[in-house]
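Below is one structure, written out as C-alpha cells; comments come after it.
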2 protein chains.
Amino acid sequence: MVLYFIGLGLADERDITVRGLEAVRGCSRIYLEAYTSILLVQKENLEKYYGKEVIVADREMVESQVDAILSGADKEDVAFLVVGDPFGATTHTDLQLRAKALGIPVSVIHNASIMNAVGACGLQLYRYGEAVSIVFFTESWRPDSFYPRIAANRQRGLHTLCLLDIKVKEPSLESLARGRKVYEPARYMTVNTAIEQLLEIEEDRKEGAYGPDTLCVGVARIGSDTQQIVAGTMSELAGVDFGPPLHSLIIAGETHVIEQEILAQYRTQPF
Amino acid sequence: MVLYFIGLGLADERDITVRGLEAVRGCSRIYLEAYTSILLVQKENLEKYYGKEVIVADREMVESQVDAILSGADKEDVAFLVVGDPFGATTHTDLQLRAKALGIPVSVIHNASIMNAVGACGLQLYRYGEAVSIVFFTESWRPDSFYPRIAANRQRGLHTLCLLDIKVKEPSLESLARGRKVYEPARYMTVNTAIEQLLEIEEDRKEGAYGPDTLCVGVARIGSDTQQIVAGTMSELAGVDFGPPLHSLIIAGETHVIEQEILAQYRTQPF
C-alpha cells in the first residue's frame, strides 16, 4: 500500500541500499525509470538479482500511463526505481503528486547521484554554483542558455557541474513530421563533445566565461569499477578518451590548495 | 588490501548499499567517522548488523592517528565509514592522500547525503546556488561570512542550502585555557536557532538578502521514518518544532510553478 521511489545509485545492482532492496522484494510491481539517466547494468541483471520482473518505464509511459502505474498501489506495494537519487530531477514530481492525491502513501529511499558523488573528483561540493545541462547541438538549434550561469559561477570563483545530454528513445523529427514515430538510437554526450560545443559558444560570444585554458575535470562512470577522472585544461581534455557513458564535466572555479592536491592525482599534466 | 571509504547514507543501518555492506563484512578493521555528521542510529546497532566491532573515530583520531588507521591496510581490508557520502566534506582528503602515498588502493562506495537528498523538499537541485554553513554564535564571535553568498544566490533567483552546525566532542574554550581538555556536550543547531541568527544578521547588515517574510523550507531527519519537511516564511518556521537532529534549512530563491505545487504540501500556511 505504498508507492516507493527507490534510488538505485550509480553503477550496478549492488548499489541499491539494503532498505531499498528489502522494499523492492516486497513489491508486486516494479518499474524502472529509464529516460532521465541510464543504469550501467542490464535490466536482466536487476531481474535476476531481485527475483522479479522489472517493467521499463519510458517517458511516454510515465507521462501518459500514470493511472496504470498507480493502479492497485492502494492495495499492494509498487516500486518506481530511479537511477541515482529519486529527486535528482523534477521528472517524477507528477507521479508523486498524483499518488498523494489518490491517498496512496509515498515513501522515498535515497541514494547517491551525480549531484553529490561528483565530490569524488576532489572539488568540494559546497564550492559549486548552479549546475547546468548541456544538450546536443542540432543543425538549426544551438542552445547556450547555460552560458551566463557558468559565467556567474566563475565570477564568484565557483565550480560548475555540467550534466551532459542523454537521448534515450527520442522520436526523430523526421518521423514526427510524417506523423509516425520512429525512434533514434540512444546517444550520450561525451566530455569531448561537451567541450567542443562549449568552445564554439565561447568563440561566438567572446565574453570570456571560460576558454581553452580553463581548468576542468572530466568524469566517466562515477561509482563503477571503471570510473575515470581526468583533470586538465579544456584543450587537454578535448583529446582524452573517456570510454563508455555516462560522462559529466566540471568547469573549475578558483581552486584551494587542498583541492589542487587531490586534482594533481588526476591531472593530464602536472600543475 | 584496500582502504574503503563507505557512505552510510542518512538514517539507519539499512541505508548502507549492498555493495557497501559486502565490503564492510570483509574488512579486518572498521572505523566510523563521527564528527562531521551524526548517524541517527547507535554504534551498537551497526556492530550487531555487521557482526563486527566498530571503532568510533573522532576528530583527534582522524587527524593525529592516520598511521594507526592505515596500519596493515596494505595486507588486509580496512573500512572508513562516513555518514552520508564519503566526499560530502573535505575532511577525509588527507586520509585518502596518505593512503595513496603509501601505495594502498582506495575504493569509494557512494551513498545519499543531504547535498542531494534535500531534493525531497521539492526545490529542484539544479536551482541551488552555493551551499553555506551556519555556525553557533558565541558571546564574542558572531560569524556571518555566508551572508554575501546567500545574497548572491538570491539575486540570481537560486535556492541556498544552509548546513547547520554540529558540535560533537569539542573541547571547551575554558578547559583549553587551563591546558586540560574537557569536552562540551554534543550540540546540534535547530532550524529555529539558524533562523534566529540569520534574522539578527539581517537586522545588523540591513542589505536585504532575506527577511522575516522570505520563503524557506526547514527539514529534519531526511531519509528517516520521522522525516519532517515544513515550508513557510522565516517568521513562521521560527516557531515550528522540528524535533531531534539533524536539521537543515533551505532559503528559497525564485520558485517555479512545479516547485510551488510540491511545497504546498509542506506549507504551514496555504500559498
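Model, not experiment: these values are computed from the prediction. Below, chain A is the first sequence line, B the second, and so on; all start at residue 1.
- If you look at B/Tyr210 and B/Tyr147, their ring centroids are closer than 6.0 Å.
- For a residue to count as touching a neighbouring chain, one of its non-hydrogen atoms must lie under 4.5 Å from one of that chain's; by this rule B/Gln265 touches chain A with the side chain only.
- Heavy atoms of B/Ile222 lying under 4.5 Å from chain A belong exclusively to its side chain.
- Judged purely by atom type and a 3.5 angstrom limit, B/Asn116 uses its side chain to pair as donor or acceptor with the backbone of A/Asn111.
- Ranked by heavy-atom pairs shorter than 4.5 Å toward chain A, the options B/Glu22, B/Arg127, B/Arg149, B/Arg156 are led by B/Arg156.
- Your options are A/Ser113, A/Gly119, A/Ala117, and the one with the most heavy-atom pairs under 4.5 Å with chain B is A/Ala117.
- When the candidates B/Leu163, B/Leu21, B/Leu158, B/Val118 are compared by the number of heavy-atom contacts under 4.5 Å with chain A, B/Leu158 comes out ahead.
- In terms of modelled atom types and a separation under 3.5 Å, the side chain of B/Arg19 and the main chain of B/Ile109 share no donor-acceptor contact.
- Per-residue counts of heavy-atom pairs under 4.5 Å with chain B were compared for A/Glu13, A/Lys100, A/His159; the largest is that of A/Lys100.
- One N or O on the side chain of A/Glu47 and one on the backbone of A/Val54 form a donor-acceptor pair closer than 3.5 Å.
- Residue with the most contacts toward chain A among B/Asn153, B/Val108, B/Asp15: B/Asp15 (heavy-atom pairs, distance under 4.5 Å).
- Interatomic distance, CD1 of B/Ile114 versus OG of B/Ser248, reported as 4.0 Å (0.5 Å rounding).
- The contact between B/Ile16 and chain A is made by backbone and side chain atoms together, counting heavy-atom distances below 4.5 Å.
- Side-chain atoms of B/Arg154 come within 3.5 Å of backbone atoms of B/Ala252 as a donor-acceptor pair (strictly under, hydrogens ignored).
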